[in-house]
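Below is one structure, written out as structure tokens; the observations come after it.
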Amino acid sequence: MRWSEAFIPTLRDDPADAEAASHRLLVRAGFIRQLMAGVYSMLPLGFRVRGKVMQIIREEIEAIGGQEFLLPELHPREIWERTGRLEGMKDILFTLEDSRGGDLVLGPTHEEIFTTIAGELTSYRQLPQLWYQIQTKFRDEPRPKAGLLRVREFTMKDSYSFDIDAEGLDRQFDAHFDAYTRIFRRLGLPAIPVVASSGAMGGSGSVEFMVASEAGEDDVAHCESCGYAANVERATARPPAVDDGEGAAAPERFPTPGVRTIADLETFPGGAEAARQIKTLVYIVDGEPTVVLLRGDDALMEQKLQDVTGAVEVRPATGSEIVELLGASPGSLGAVGLRDVRILADEALRGRRNMTTGANIDDHHLRGVDVERDIAVSEWVDVRTVRPGEPCPSCGAPLEVFRAIEAGHIFRLGTTYSEPLGATVLDAEGKTVPVMMGSYGIGVERNMAAVVEVHHDDRGIVWPVSVAPYEAVVTIVKVSDTDSWETGKRIYEELLALGVDAIVDDRVERPGVKFNDAELIGFPYRITVGPRGLADGVVEVTERRSGTSEEVVVAAAAARVADQIAAATARP
RNA sequence: CGGGCUGUAGCGCAGUUUGGCAGCGCACCUGCUUUGGGAGCAGGGGGUCGCCGGUUCGAAUCCGGCCAGCCCGACCA
């Protein structure tokens, strides 16, 4: 490509509304432009990177036996009703009506459609199957953010496996785990696999691939000592044992006028430190009022609550719902003596005595509460949010918690979709059984952005060779110098002949502009051709990552860069 | 959905307090000079001041409503 003929609109100033590095740099370097909240146009440079990311993903999924499909983005609403996800995903579904009044949705994911096709599978002899596509998804995210990191229209590689039994599913799951590991390595992303919540996808176990970054939206609890890693939506910790002493013979009520919060009660005379209080929350779990008890200094993880209850919808109860259920207002709530209501207590409260909690009478609390003796706990659950420094559940070393980007997510679905949609086969005994499914997703543009988050410096993007929009740029410092012009064009042609994806900067611009643009965009290699070097028969080869340059004789320059690129993209 | 902030040229911004010719820098066009790290001089083009309504002789500026975007939270494969 000749730069002088290309549309590469770099900006001299940072865009004002871009906070995340990837957002700022991808806009400024001319890769993307925003159309509206969470919707971006790919400009030519962005399109090239996206294509390379997709190609890497495609190669690795083909390598584990994937067959490529392309499914529609318009879906009949009815199929979403059948799996219950019209309700379960209603907040992010784009819905529309066709001219005949038919109800449609824009596909946010494709379990329903792939499973419908899988209905044509009739025999276990046809299994396993591994199907995938790379295609647009639409999700009406309530808050798109950070450029390409969270958008409403994006490209996803989604694959779906179909097996006769759990062992087959495990094999496909493991194959994807390995393929994803290779994909992220080739993208230059240090992704770590973590235990995750399956959320609205359903199924029995899922793994997210996380890239540590402040621009991310998830928190990961990680143990350096044993390698335990889990999304905080799932992470657990081994809380240290607490000695509560003898314990009172019975709870004692005392007046606490004006006390509304855990913190209030900590400082109230005769109160208690947060770790010796019971926090009483009221949630509506699929319509059923549920009391949730936590230690006073713990925070509820709503996703855990949703997971342990298997609920579709979990929300905090409103003030009036609470008063109707418990007869007291938030600030004085407690579960002592409560009956006929589901009470979930966090494991951190098990065996605790001498605790303080609301008396369920406004402006009164109880002290001397023995949780197991005084409260009719329906279920003991783990719903607390893990905090940094708490002991790792498997080895006891302190956990670290860091922010991360979810780069990929793989799910063991089981029969969550095959049963309601009737994707069954006959097994070896001639019995009709639903197929065992897995689904596996990678967001293409999000991974582009993650690469930029990880690979940039104060001058701009530093693309790994594998996904760079062009692998090398030939910068002709002075286009009016005939020798520079012809040498530069010749080296460019030589690069193309050697299979290097190259662009030649033949613009009538000053050298500083060209150097700055090349570094902002982040081409891995630059060959600088100018009168100064040509006087000695050399050009300069500069590596973007290290910033180091070497002088190379003109005739050897293209081969030199081609060799370095080959070395950088070599795969074990 | 709640809170905060912002909408003025392609990008970055001033002007709004106190109503009175719509400005600055970069980018862009023409010419000359310049050419190894975002050049200089001269000339020039580009605007529904987010939208609608109101007040006023007169509105980017004041008032009302709406829309959009960003950040935090809620929510979210």
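In the text below, chain A, chain B and the rest are named by the order of the sequence lines, each starting its count at 1.
A/Trp463 and A/His455 are not linked by any side-chain donor-acceptor pair at a separation below 3.5 angstrom, with hydrogens and angles left out of the test. Under 3.5 Å, the side chains of A/His23 and A/Lys145 contain no donor-acceptor pair of N or O atoms.
Side-chain nitrogen and oxygen atoms of A/Lys145 include none within less than 4.0 Å of the OP1 or OP2 phosphate oxygen of B/G69.
Taking the side chain of A/Asn516 as heavy atoms from C-beta on, and the options B/G12, B/G38, B/U35, the nearest nucleotide is B/G38. If you check B/G38, B/C72, B/U35 against the side chain of A/Arg143, the one that comes closest is B/C72.
For A/Asp382, the side-chain contact (heavy atoms from CB on, under 4.5 Å) partners at least two apart in sequence or on another chain are A/Thr236, A/Lys304, A/Asp346, A/Arg384. Contacts of A/Trp131 classified as ring-ring contact (aromatic ring centres under 6.0 Å, His included), with partners at least two apart in sequence or in another chain: A/Phe69, A/Phe162. A/Leu300 meets the side-chain contact (heavy atoms from CB on, under 4.5 Å) test with A/Leu281, A/Tyr283, A/Val292, A/Leu294, A/Glu302, A/Leu305, A/Val383; sequence neighbours excluded. Legend: residues meeting ring-ring contact (aromatic ring centres under 6.0 Å, His included) with A/Tyr470, ordered by chain and number and at least two apart, are absent. The ring-ring contact (aromatic ring centres under 6.0 Å, His included) check on A/Tyr440 picks up A/His176, with sequence neighbours excluded. Annotation: ring-ring contact (aromatic ring centres under 6.0 Å, His included) contacts of A/Tyr132 (sequence neighbours excluded): none.
Of the nucleotides present, B/C41 is the one that pairs with B/G31 by Watson-Crick or G-U wobble criteria, both distances under 3.5 Å. When both distances must be under 3.5 Å, the Watson-Crick or G-U wobble mate of B/C57 is B/G20. With a cut-off of 3.5 Å on both pairing distances, the Watson-Crick or G-U wobble partner of B/G64 is B/C52. Pair assignment for B/G25: B/C11, on the basis of Watson-Crick or G-U wobble contacts that are both within less than 3.5 Å. Under the Watson-Crick or G-U wobble criterion, with both distances below 3.5 Å, B/C75 has no partner in any strand shown.
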Each nucleotide N or O in nucleotides 6-9 of chain B that has a protein N or O under 3.5 Å away: list the pair and distance.
none

Restricting to nitrogen or oxygen on both sides, can you table the protein-nucleotides 39-46 of chain B pairs closer than 3.5 Å?
unit_1	atom_1	unit_2	atom_2	d
B/A39	OP2	A/Arg510	NE	3.0
B/A39	O4'	A/Arg510	NE	3.3
B/A39	N9	A/Arg510	NH1	3.4

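Within the nucleic acid shown, A/Tyr440 has no heavy atom closer than 4.0 Å to any nucleic acid atom. Across all strands shown, A/Arg152 has no heavy atoms under 4.0 Å from either base or sugar-phosphate atoms. A/Pro15 comes within 4.0 angstrom of the backbone, heavy atoms only, and of no base.
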Walk me through whether A/Leu43 and A/Arg33 qualify under side chain to side chain contact (heavy atoms under 4.5 Å, CB included).
CA-CA 7 Å; A/Leu43 274 35; A/Arg33 287 294 183 264; 3.7 Å; yes
Tell me, with the steps shown, if A/Thr95 and A/Leu104 meet side chain to side chain contact (heavy atoms under 4.5 Å, CB included).
CA-CA 6 Å; A/Thr95 59; A/Leu104 308 176; over 6 Å; no
Walk me through it: do A/Tyr180 and A/Glu60 pass the test side chain to side chain contact (heavy atoms under 4.5 Å, CB included)?
CA-CA 8 Å; A/Tyr180 274 40; A/Glu60 296 297 343; over 6 Å; no
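Under the side chain to side chain donor-acceptor pair (under 3.5 Å) rule, A/Ser22 has a single partner from A/Glu453, A/Arg446, A/His456, which is A/Glu453.
Of the two residues near RNA chain B, A/Lys137 and A/Arg459, the one whose nearest nucleotide lies more 5' is A/Arg459.
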Exercise answer: donor-acceptor pairs, residues 10-21 of chain A side-chain atoms, under 3.5 Å, sequence neighbours excluded:
unit_1	atom_1	unit_2	atom_2	d
A/Thr10	OG1	A/Asp517	OD1	3.1
A/Asp14	OD1	A/Arg28	NH1	3.1

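Interface residues of residues 517-528 of chain A facing RNA chain B, ordered by number: A/Asp517, A/Glu519, A/Arg526, A/Thr528; criterion, heavy-atom separation under 4.0 Å. Less than 4.0 Å separates RNA chain B from at least one heavy atom of each of the following residues of residues 27-45 of chain A: A/Arg28, A/Gln34, A/Met36, A/Ala37. Within residues 533-555 of chain A, the residues that have a heavy atom under 4.0 Å from RNA chain B are, in order of number, A/Gly533, A/Glu540.
Within the model, atoms CG of A/Leu189 and OG1 of A/Thr181 stand 12.0 Å from one another, a figure rounded to the nearest 0.5 Å.
Straight-line distance from the CD1 atom of A/Ile8 to the P atom of B/C11: 19 Å, rounded to whole Å. For the pair A/Leu11 CG and B/C26 P, the computed distance is 16 Å after rounding to whole Å.
Figure legend: A/Arg507 and A/Trp3 shown as a cation-pi pair, the cationic atom lying under 6.0 angstrom from the six-membered ring centre and within 45 degrees of its axis.
The two residues A/Ala449 and A/Leu148 have their closest heavy-atom pair at CB-CB, 3.9 Å.
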